[in-house]
Structures are given as C-alpha cells and as structure tokens.
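Counting starts at 1 for both ligands and their atoms, in listed order.
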Amino acid sequence: MPAESLGPLHSLPIRRKRAATGLRRTYPYKLNAADIRRDFPILDRRVHGKPLVYLDNGATSQKPRVVIDAIRNFLENGCANIHRGVHLLSAEATQAYDRARATVCQTMGASRPEEFIFVRGTTEAINLVARSWGDLHIQAGDEILLTEMEHHANIVPWQFLARRAGAKIRVLPITPDGALDLDALPALLTDKTRLLACTHVSNVLGTVNPVSEICRMARERGIVTLVDGAQAVPHGPVDLGAVGCDFYVFSGHKMFGPDGIGVLYGRGKLLDRLPPWQVGGDMVERVSFEESTFRPPPDRFEAGTPNISGAIGLGAAFTYHAGLDWAVLRAHEDALVAAAHEALQSIPGLRIQGTVPGKAPVVSFTMGGIHPHDIGTILDSEGVAIRAGNHCAQPLLARLGIPSSARASFACYNTFEEVETLAKAVWKAHRYFG
Ligand code: PMP
C-alpha cells in the first residue's frame with residue numbers, strides 16, 4: 001500500500017537472535033517486516049508443509065494485493081481496447097493506460113511520458129534498441145562496449161547486431177571481488193565505440209555499478225549509453241536524471257508488477273529519430289498499399305494491442321513502490337545481505353561470489369563439489385525457494401571459473417528469520433551431500 005499504510009511499520013526496533021551464529025544484533029533502523037508482508041498474499045503460502053521462504057526475487061518478485069486488485073478491477077470492470085473505441089470503456093482504458101505511463105515517468109524523475117515505451121520486458125527493450133537504433137547507427141568497424149557481468153539479454157541482441165553490421169563487441173572486465181574494472185574503461189572507450197551497454201546491478205554478484213560515472217565518461221566521448229535496470233528498480237527509486245543514460249530498460253515483474261510488461265526509456269531526441277521495429281496497427285498515421293507513415297513515440301514503438309492490464313498493473317506497482325520508505329528498506333536489505341553472508345560463510349566449502357560493499361541483496365554461492373541444483377532441491381524441501389544454474393550469465397560464470405551457482409535473492413519483505421531458515425537448509429544440504 002502507499003505510504004499511509006506503512007505508518008506502524010517503522011515503530012519497532014528490530015532485535016533478532018540468529019540461531020545460525022548465536023549472535024544477537026540490533027539493527028540501526030526500525031522496521032516491522034510483518035506489516036509489509038501483509039501486502040503480499042502469497043507470502044502466507046506453505047510449500048512441502050513448510051512456510052514459504054521466497055528468496056528467488058531476482059528471477060521475479062511477488063505481487064502486492066494492490067497490483068493484483070488493479071489488474072482484476074480492470075478485467076472485471078473496465079476491460080476494453082485502448083485508443084480505438086468511441087465508447088466509455090475504451091476511453092477509460094486509454095486513460096488508465098496513459099496514467100500508468102505518466103506514473104512511471106514521474107516516479108523516475110522524468111517529465112516526458114512519451115519517452116517511456118511499454119514493452120514485454122528488459123529483453124524486448126534491448127532487442128528494440130538493437131534493431132531500431134542499432135541498425136540505423138552501427139556500421140562495419142564500429143565497436144559496442146559491454147561488461148563482463150552482463151545478463152544474456154544484454155549480450156545476445158548486440159552480438160546479432162554486430163554480426164549484421166560487421167561491428168565488434170568489446171568487454172569491460174571485472175575485478176576479483178566483482179566490481180567493474182573502471183581503470184580499464186578509458187582505453188576501451190575508443191573513437192570507434194558507438195554504444196556502451198551496462199547493467200546497473202549484477203543479477204549474479206549483486207554489484208551496484210557506478211552507472212552515472214560510466215555514462216558521463218561515455219557521453220563526454222559522444223557514445224550512446226544503455227543501462228539495464230532489471231535488478232536495480234526493485235530495490236528503490238531510480239532517478240533517470242542522475243543516471244544520465246540515453247536508454248534505460250527494466251521489467252515490471254521484478255519490481256512487484258506483473259510479467260509481460262516492462263519499460264524502455266529513451267532520451268527524446270534519440271527516440272524521435274528512430275524507425276519502428278515492429279509495424280502494424282495503432283502506430284501509423286497514414287497507410288496505403290504503397291507506403292505508410294508513423295506516429296511519434298511512444299505509439300511508434302507500440303504496434304498492435306499492447307499489454308493493457310499489464311501496464312495498469314505496472315502503474316499500481318510503481319505507486320506502491322513509490323509509497324515505501326526506501327531509506328529504511330535499503331538499510332533492511334543491506335542488513336539481510338550482511339546476515340546472509342555471515343551465516344553462510346561459516347559453512348565449510350561455501351564460497352560467495354560478489355563481495356563488493358554496498359551490493360544489492362543478491363547472494364550467489366557455490367559449496368564444494370555439490371551441484372547447485374542439489375542445493376536448490378534440498379532447500380526447496382525446507383520451503384526455501386532459490387535459483388540454481390548459470391543465471392543467464394554464462395560469460396560471467398566462465399570468468400568466475402564456475403559452471404553454475406546457487407543464488408538467494410532478497411526483497412524488502414524478507415526477514416532475518418528467513419535468513420536463518422536459509423542457512424539451516426544450506427547446512428542440511430552440506431550434511432547430506434558434503
Ligand atoms: N537483465 C538482468 C540484469 C536480469 O536480471 C534479467 C532477468 N533475469 C534480464 C535482463 C532479463 O529480464 P526479462 O527476462 O524480464 O526480460
């Protein structure tokens with residue numbers, strides 16, 4: 001719920017006795033996690049007879065009731081297609097869809113809603129930019145700079161573009177603790193570099209990259225920048241003015257919104273000049289059998305009937321998200337990470353990938369020769385949902401020298417009791433397989 005429902009949330013200092021280490025710690029903020037958890041109906045679920053401990057938020061977050069209600073209300077009471085109808089329901093649906101765009105724009109510190117394109121998610125947003133901007137601007141011999149910690153979604157579309165254009169992919173390496181090696185950046189920003197595409201937060205390491213600084217360095221050299229915000233937006237508001245990128249992309253489903261909806265932000269001057277990448281209804285001005293002309297953004301990039309209920313759900317997710325006290329919640333997420341690191345590190349053979357200070361609440365780990373899928377299966381039997389595999393980041397895992405890892409990823413509704421349950425379950429996996 002928006003801010004007012006969070007009133008009682010900040011009233012009690014948290015003191016948690018953590019069984020895994022026996023330590024007692026007072027946290028420097030006030031949060032009653034139970035209040036925020038009440039907003040998420042699924043968190044009451046049991047799996048395999050145990051309370052659900054949902055630590056797969058990096059894959060997708062759970063949804064608050066306000067988002068579920070917004071979608072249900074649209075489908076039950078307001079379902080209609082947008083833009084085309086002369087009837088009341090269609091006008092209402094169009095208003096709700098436009099309102100969702102305006103909400104996203106406003107909460108990201110921007111002022112032009114037309115700079116925000118609704119897409120299916122991060123993957124589609126990057127494909128759109130690679131097709132529309134990339135095919136227009138990238139030529140043979142050009143260079144596209146990525147980083148070693150990118151998700152496949154921010155690698156493969158550029159690889160395809162490079163192959164189409166005869167361009168070259170170059171890669172900014174990471175340091176041993178999992179930060180971007182910024183010392184190597186100036187030499188990689190050459191007079192051939194046309195685009196720098198970089199993740200805001202690593203989905204494996206949790207590293208929060210200094211994207212403002214990186215974008216500034218690129219901008220000074222006339223290089224276009226795209227920031228993948230998929231793992232950043234769930235953990236607090238993102239101010240696009242502060243980031244200073246040309247394109248910013250993210251998925252709704254990782255930040256309390258529904259799946260199948262996401263956002264491409266594009267700087268107005270760039271977007272205005274771009275050709276559409278998908279064509280059809282609802283994005284054209286005039287069509288004849290000889291030729292067609294296209295509407296300005298955002299319509300130009302939203303061919304066909306969009307995900308209307310998804311956009312409305314995303315608008316509700318943004319309103320909910322913006323109503324939370326992120327100063328408190330960030331401190332809470334930081335403390336969850338610290339507690340998870342401390343509890344897990346004492347388990348023999350366990351290694352955590354990504355130890356950069358100030359990381360997002362993502363804890364990836366390996367444990368001796370135990371296969372991460374086996375760890376995940378034991379954890380599941382204890383009600384603990386984590387991810388195991390390559391996390392769609394095979395080049396990063398190759399750099400780390402591991403084929404796969406287990407990953408616990410937290411959201412602001414997770415608790416210290418859940419960190420304890422995680423640690424106990426990992427101990428169990430260690431005893432079983434170790
Ligand atoms: N980038 C990052 C950093 C991600 O974590 C993800 C999802 N795991 C994606 C891109 C792709 O997001 P989606 O599957 O929602 O398109």
Heavy-atom contacts with [X] under 4.0 Å: which atoms of ligand 1 show up? List them by number with element.
X	answer
T199	3 (C)
S251	12 (O), 13 (P), 15 (O), 16 (O)
H253	15 (O)
Q231	3 (C), 4 (C), 5 (O)
N203	5 (O)

Protein contact to [atom] [nearest heavy atom, distance to 0.1 Å]:
atom	value
atom 4 (C) of ligand 1	H151 CD2, 3.3 Å
atom 8 (N) of ligand 1	K254 NZ, 2.9 Å
atom 16 (O) of ligand 1	T123 OG1, 2.6 Å

Test side chain to side chain contact (heavy atoms under 4.5 Å, CB included) applied to L422 and V53, I386, V363, the passing residue: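 Option passing the side chain to side chain contact (heavy atoms under 4.5 Å, CB included) with L422: I386.
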Counting only heavy atoms, which portion of H391 has something under 4.0 Å from ligand 1: side chain, backbone, both, or neither?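 Neither part.
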Proximity of D228 to ligand 1 by residue part, where a heavy atom lies under 4.0 Å: side chain
Taking all heavy atoms of T207 and all of K359, pick out the closest pair and write down the distance. N-CB, 4.4 Å
Could you tell me which non-hydrogen atom of Q353 sits nearest to which non-hydrogen atom of I402, and how far apart they are?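 In this case the closest contact between Q353 and I402 is CD-CD1, 3.7 Å.
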Can you find a heavy atom in the side chain of Y248 that is under 4.5 Å from one in the side chain of D228?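 They are not in contact (no side-chain heavy atoms under 4.5 Å apart), so the answer is no.
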When H83 is tested against each of T305, T94, D282 for side-chain hydrogen bond (donor to acceptor under 3.5 Å, both in side chains), which residue passes? D282
What distance do L195 atom CG and D142 atom CG have between them, rounded to the nearest 0.5 Å?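 Separation between the atoms: 10.0 Å.
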Any heavy atom of E124 closer to ligand 1 than 4.0 angstrom?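 No, that is not the case, since the closest heavy atom of the residue is not under 4.0 Å from the ligand.
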Check for a donor-acceptor pair, side chain of T107 on one end and backbone N or O of F318 on the other, with a separation under 3.5 Å. no
For the residue pair E333 / H235, report whether a side-chain donor-acceptor contact shorter than 3.5 Å exists. yes
